[in-house]
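Below: one structure, written as structure tokens.
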Amino acid sequence: EVDDARGRMFARRGLQRLSVQLAARAPRRWLGAPPGSPETEAKLFGDSKWEGWEPTVYATYVASAVVLIFGLAKKPQTSIVQWAREEAMARLKVEEEGGQVEYGTHYAKEVAPSFEKDGVGEVPTVDQD
């Protein structure tokens with residue numbers, strides 16, 4: 001049994017030495033391109049020359065960003081909270097002027113103006129109720 005265990009121990013050591021020798025002979029891995037290759041000498045953002053399609057695409061990106069920023073900033077407030085705030089302010093104004101508030105009637109006319117038209121071909125006018 002001792003000779004068998006000793007044989008296995010020597011076999012393990014031999015395999016370990018063999019694997020170390022094979023690893024030393026194996027080519028070194030660089031996790032990318034090896035030194036001196038064109039990939040390692042490239043600039044970070046490439047050449048400063050633009051290709052033919054780039055100015056058009058970049059101008060479109062900038063124009064889209066400007067339209068989105070200003071368009072979303074100027075969009076109308078259509079939330080129920082905003083409508084309720086405007087309605088409450090309009091009702092307070094009616095009560096301050098001495099009027100009677102009737103529930104079910106909308107007093108904030110600025111939110112949705114109505115237009116009237118006298119006939120075909122006429123220019124619509126804002127209803128002044």
Worksheet item: Could you walk me through whether R91 and E87 pass the salt bridge (charged side-chain N to carboxylate O under 4.0 Å, His left out) check?
Response: CA-CA 6 Å; R91 288 180 182 195; E87 186 68 24; 3.2 Å; yes
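V62 and I69 fall into different hydrophobic clusters, where Ile, Leu, Val, Met, Phe, Trp and Tyr side chains are chained together by heavy-atom contacts under 4.5 Å. Under the 4.5 Å side-chain heavy-atom criterion for grouping Ile, Leu, Val, Met, Phe, Trp and Tyr, V67 is not connected to F70 through any hydrophobic cluster.
Note on residues 51-74: pairs passing side chain to side chain donor-acceptor pair (under 3.5 Å), not counting sequence neighbours, are E51-W53, E54-Y58.
When the side chain to side chain donor-acceptor pair (under 3.5 Å) test is applied to Q82, the partners found at least two apart in sequence or on another chain are R85, E86. Listed by chain and number, the residues in a side-chain contact (heavy atoms from CB on, under 4.5 Å) with E96 amount to none (sequence neighbours excluded).
Of all heavy-atom pairs spanning E102 and Y107, the tightest one is N-OH, 2.7 Å.
The structure places OG1 of T105 at 11.5 Å from CD of Q100, a figure rounded to the nearest 0.5 Å.
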